[in-house]
Number of protein chains: 2
Amino acid sequence: MDDGRATTTRGGENLLFLTDEQLRQGIEAMFFAYRGFTADPDRILSDMAYGRAHHRAIHFINRAPGTTVNNLLNILGVTKQSLNRVLRTLIEDGLVESRIGKSDKRERHLFLTEDGHALEGRLSDAQRARMRAAFRDAGPEAVAGFRTVLEAMMDTEMHRTYQRLKESGA
Amino acid sequence: MDDGRATTTRGGENLLFLTDEQLRQGIEAMFFAYRGFTADPDRILSDMAYGRAHHRAIHFINRAPGTTVNNLLNILGVTKQSLNRVLRTLIEDGLVESRIGKSDKRERHLFLTEDGHALEGRLSDAQRARMRAAFRDAGPEAVAGFRTVLEAMMDTEMHRTYQRLKESGA
DNA sequence: AGTTTAAGTCAGTCTTGTTGACATTCCAAC
DNA sequence: GTTGGAATGTCAACAAGACTGACTTAAACT
């Protein structure tokens with residue numbers, strides 16, 4: 001399959017960055033970095049009765065206000081039953097509002113309340129602070145590379161979702 | 001704090017890549033990419049009675065054969081009770097061997113058995129294949145940037161662990 | 001001898017994922 | 001216009017995997 005040794009293409013460009021050792025380092029970097037990525041919001045949430053799932057729901061409701069449950073399901077990639085439990089507690093606690101659809105009464109459109117926005121802000125600020133520090137340390141070219149590799153690592157379906165969100169925000 | 005508008009340093013370099021919108025895209029890229037990152041091994045493991053926790057244990061035992069339980073605990077960042085459950089099933093199923101330490105008989109040194117190596121290989125191959133495709137698509141400079149940003153995103157303690165592993169392997 | 005350290009265990013809780021069953025609503029074919 | 005299927009969302013029960021806390025055993029250190 002792959003012996004991990006250095007190799008060279010016909011064109012002569014060096015593919016040393018594709019050795020098994022380089023890939024393994026990439027895998028481990030992903031693992032450790034993701035821990036850092038979630039650490040700050042996790043700390044904030046652990047004080048409440050909330051977890052990472054609540055953070056994700058809040059993030060994407062903020063990102064796409066009025067989104068339906070089904071839409072959120074596709075973004076988050078979990079079952080509707082799993083999302084529903086999270087959503088229920090958020091609605092009960094007055095962080096999220098669920099409005100019955102006008103044209104299709106089966107649908108529920110989701111919005112953050114004032115309290116929901118407040119928590120979203122706290123979580124975002126914490127996560128952005130770390131991302132900002134990392135981006136600043138690494139510099140713009142590294143950031144561009146970072147994004148390019150991450151996009152190439154997504155499943156095509158997720159990549160489409162990501163692009164759609166990106167275009168809606170910018 | 002941060003109004004998200006473009007800004008410029010004294011030196012005159014453009015810091016447009018540090019806007020809140022850019023950071024949010026980075027956050028979402030991390031989220032979707034991590035899903036892709038774990039998708040292939042998860043699929044393999046779901047057929048067996050194993051999960052992501054088993055994969056992590058197997059990965060790092062393979063990476064640092066003979067590591068002690070305590071050492072693995074520090075790398076994985078979980079409690080010993082949590083790790084122990086995973087380790088016990090792996091040992092029962094004959095994928096991991098636990099040898100009593102020679103100099104310090106309290107320690108248990110962990111090794112993959114032949115079957116353990118076989119599973120590790122399957123999981124690694126799947127994960128590396130995706131990482132390789134992403135790296136190849138993105139190119140060497142993007143990969144360098146990817147690694148730089150990820151390293152900057154780690155907690156300092158994790159970063160040390162990551163560096164130690166990196167040096168031991170290369 | 002007494003303390004600390006490494007590993008493992010038992011019991012209980014929490015978050016978050018799963019499946020299965022069910023209610024409501026919409027829509028299209030009859 | 002009624003009926004049957006598809007879509008949307010909810011409730012209930014269960015499993016994986018994380019956590020805390022209390023405890024045991026064995027070995028090492030002082």
Side-chain angles (χ1 to χ4, degrees), chain A residues 31 34-35 38-39 41-61 66-93 96-111 123, chain B residues 31 34-35 38-39 41-59 61 66-93 96-111:
Chain A
F31 172 70
Y34 199 79
R35 282 246 296 276
T38 56
D42 281 358
R43 253 190 297 278
I44 295 173
L45 290 160
S46 70
D47 296 339
M48 325 182 198
Y50 297 145
R52 215 173 279 178
H54 299 83
H55 180 195
R56 292 198 279 258
I58 288 173
H59 175 98
F60 287 108
I61 293 172
T67 185
T68 62
V69 174
N70 221 2
N71 201 259
L72 202 51
L73 240 39
N74 291 328
I75 293 172
L76 296 175
V78 296
T79 59
K80 59 182 176 172
Q81 295 89 332
S82 190
L83 175 59
N84 199 252
R85 180 167 2 87
V86 167
L87 236 34
R88 190 165 45 207
T89 66
L90 290 174
I91 292 168
E92 277 169 9
D93 296 351
V96 168
E97 197 192 343
S98 164
R99 294 182 209 154
I100 295 177
K102 275 174 193 134
S103 56
D104 189 335
K105 287 178 192 161
R106 292 173 302 182
E107 294 179 340
R108 299 297 130 90
H109 297 278
L110 303 169
F111 301 87
L123 297 170
Chain B
F31 171 69
Y34 198 78
R35 282 246 296 277
T38 56
D42 280 357
R43 254 190 297 277
I44 296 173
L45 289 160
S46 69
D47 295 340
M48 324 182 199
Y50 297 144
R52 214 174 279 178
H54 300 83
H55 180 195
R56 292 198 280 258
I58 288 174
H59 175 98
I61 292 172
T67 185
T68 62
V69 173
N70 228 353
N71 202 258
L72 200 52
L73 240 39
N74 291 329
I75 292 172
L76 295 176
V78 296
T79 59
K80 62 176 177 176
Q81 293 92 328
S82 197
L83 176 58
N84 203 252
R85 176 166 15 87
V86 167
L87 233 37
R88 193 165 42 208
T89 67
L90 290 174
I91 291 169
E92 277 169 10
D93 295 351
V96 168
E97 197 192 342
S98 165
R99 294 184 207 153
I100 294 175
K102 277 177 189 130
S103 56
D104 189 333
K105 289 177 191 163
R106 292 172 304 179
E107 293 178 340
R108 299 296 133 89
H109 298 279
L110 303 169
F111 300 88

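Naming convention: chains lettered A, B, ... in sequence-line order (proteins, then strands); numbering from 1 in each chain. Please read these numbers as outputs of a predicted model, since none were measured by experiment.
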Quick one: B/Ile100 CD1 to C/dG8 P, roughly how many Å, whole number? 10 Å

Grab the NE2-C1' distance between B/His55 and D/dG17 for me, whole Å please. 16 Å

Could you tell me how far apart A/Met48 (CE) and C/dT16 (C1') are, to the nearest whole angstrom? 18 Å

Whole Å only: how far is the NE2 atom of A/His109 from the C1' atom of C/dT25? 13 Å

Integer-rounded Å distance: D/dA16 P and B/Leu90 CG: 14 Å

Closest approach of A/Leu90 and A/Ala57, non-hydrogen atoms and distance? CD1-CB, 4.2 Å

Are any non-hydrogen side-chain atoms of A/Tyr50 and A/Asp93 less than 4.5 angstrom apart? yes

Can you find a heavy atom in the side chain of A/Leu45 that is under 4.5 Å from one in the side chain of A/His55? yes

Is the phosphate of C/dT16, meaning OP1 or OP2, less than 4.0 Å from a side-chain N or O of A/His54? yes

Scanning both residues in full, the closest heavy-atom pair of A/Arg35 with B/Ile75 reads NH1-O, 3.4 Å

Find out whether B/Arg108 and B/Thr68 are in side-chain contact, i.e. whether some heavy atom of one side chain is under 4.5 Å from a heavy atom of the other. no

CG/A/Leu73 to CG/A/Leu87 distance, rounded to the nearest 0.5 angstrom? 9.5 Å

Which atom pairs link the protein and nucleotides 27-30 of chain D when you take only N or O atoms and keep those under 3.5 Å?
{"residue": "D/dA28", "atom": "OP1", "partner": "B/Ser103", "partner atom": "O", "Å": "3.1"}
{"residue": "D/dA28", "atom": "OP1", "partner": "B/Lys105", "partner atom": "N", "Å": "3.3"}

Any side-chain heavy atom of A/His59 within less than 4.5 Å of one from A/Leu123? no

Less than 6.0 angstrom from the centroid, inside 45 degrees of the normal: does B/Arg56 satisfy that with respect to the ring of A/Phe31? no

N/O donor-acceptor pair under 3.5 Å between A/Thr89 side chain and A/Val86 backbone: yes

Within residues 70-89 of chain B, find the residues that approach DNA chain D with a heavy atom at under 4.0 Å, and present them sorted by residue number. B/Gly77, B/Val78, B/Thr79, B/Gln81, B/Ser82, B/Arg85

Side chain of B/Val69: nearest nucleotide among D/dA18, C/dA7, C/dG17? C/dA7

More 5' along DNA chain C: A/Arg56 or A/Arg108, using each one's nearest nucleotide? A/Arg56

